[in-house]
Amino acid sequence: MNVRRDRHSVVFALRGELDHDSVEQLREAGNKELLDGRAEGPVVVDCSLLSFCDSSGIGELVRLHQQLSWRDRAFRLASVPAKVSRLLELTGLNQVLSVHADMAGALAVDKGSPAGGAGSVRLNEGQRA
């Protein structure tokens, strides 16, 4: 996993499998981001190179979403592969998590509200701003 930060966002770029054996990397990066009191703006998980996600991975995505929401920070998924997207649909998480067709869409949403608070827009995969 690669972590990229700029003034407006943090991107966690996942690669390969997000499962019981690899979920700790996302958990550690998420915890570091949560503990960074200076951090603001959305956290975007780039799933474009994600090949597999099991229940451990889904659980960590939900946990991170909840933790960031409690801190009034947006959490977004971008470029979710079809297999993982289907899993989100089956579990109903596509209605809870902010899922975007690509990174540009995930980063462009609510530029005027960096915390993703009131006025934010949630798009499902395939929708455009």
Side-chain angles (χ1 to χ4, degrees):
M1 184 181 73
N2 183 23
V3 179
R4 299 184 308 267
R5 288 181 173 80
D6 65 23
R7 294 183 324 144
H8 305 290
S9 64
V10 176
V11 175
F12 297 156
L14 302 180
R15 173 172 285 153
E17 299 181 352
L18 183 59
D19 59 15
H20 183 271
D21 295 328
S22 64
V23 75
E24 190 61 31
Q25 286 181 302
L26 178 60
R27 182 175 296 121
E28 288 176 6
N31 287 342
K32 182 177 179 182
E33 187 60 29
L34 290 166
L35 293 173
D36 184 358
R38 299 168 297 141
E40 55 184 58
V43 172
V44 178
V45 178
D46 178 359
C47 300
S48 61
L49 298 176
L50 185 65
S51 61
F52 174 80
C53 184
D54 71 3
S55 61
S56 300
I58 294 293
E60 185 56 29
L61 292 172
V62 169
R63 185 195 75 83
L64 190 52
H65 164 73
Q66 290 173 331
Q67 294 289 319
L68 289 162
S69 292
W70 292 335
R71 288 164 176 81
D72 198 29
R73 289 192 61 198
F75 176 74
R76 302 174 184 145
L77 301 177
S79 304
V80 178
K83 288 181 183 179
V84 178
S85 182
R86 179 73 176 136
L87 182 59
L88 295 175
E89 290 173 16
L90 289 171
T91 59
L93 289 171
N94 64 325
Q95 300 298 312
V96 176
L97 301 176
S98 180
V99 181
H100 302 266
D102 54 33
M103 284 298 297
L107 293 170
V109 175
D110 49 70
K111 287 280 189 187
S113 178
S120 64
V121 177
R122 187 176 70 76
L123 299 177
N124 288 318
E125 188 169 345
Q127 290 181 311
R128 297 186 187 272

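Residue numbers run from 1 in the order of the sequence given.
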Let me confirm one number: the CG-CG distance from L88 to L61, rounded to the nearest 0.5 Å. 7.5 Å
Do K83 and L87 have side-chain heavy atoms sitting under 4.5 Å apart? no
Are any of the side-chain heavy atoms of D46 and S79 separated by less than 4.5 Å? yes
Atom CG of N94 and atom CZ of R86: how far apart are they, to the nearest 0.5 Å? 10.0 Å
Can you get from V96 to L68 by hopping between Ile, Leu, Val, Met, Phe, Trp and Tyr side chains that sit under 4.5 Å apart? yes
Search all heavy atoms of L107 against all heavy atoms of S9 and return the closest pair with its distance. CD2-OG, 3.5 Å
Working to the nearest 0.5 Å, report the span between CG of L90 and OG of S85. 9.5 Å
Could you state the interatomic distance from CE (M103) to CZ (R76), rounded to the nearest 0.5 Å? 10.0 Å
With a 4.5 Å heavy-atom cut-off, do P81 and C47 have their side chains touching? yes
Any idea which heavy atoms bring L77 and V80 closest together, and the distance? CB-CG2, 3.8 Å
Any side-chain to backbone donor/acceptor pair from N31 onto L34? Under 3.5 Å, distance only. no
Locate the shortest heavy-atom distance separating Q25 from M1; write the atom from each residue and the value. O-CE, 3.4 Å
Pairwise distance CD1(I58) to CG(L97) - rounded to 0.5 angstrom: 8.0 Å
Just distance, no hydrogens or angles: give the donor-acceptor pairs under 3.5 Å from side chains in residues 11-21, sequence neighbours left out.
residue, atom, partner, partner atom, Å
D19, OD1, D21, N, 3.1
D19, OD1, S22, N, 3.2
D19, OD1, S22, OG, 3.2

If I take atom CD from residue E60 and atom CG from residue D54, how far apart are they, to the nearest 0.5 angstrom? 11.5 Å
Looking at L64 and G30, what are the two nearest heavy atoms and their distance? CD1-CA, 3.8 Å
Taking the side chain as everything from C-beta on, heavy atoms only, tell me whether E33 gets closer than 4.5 Å to V3. no
Regarding R63 and Q67, is there a side-chain donor-to-acceptor distance under 3.5 Å anywhere? no
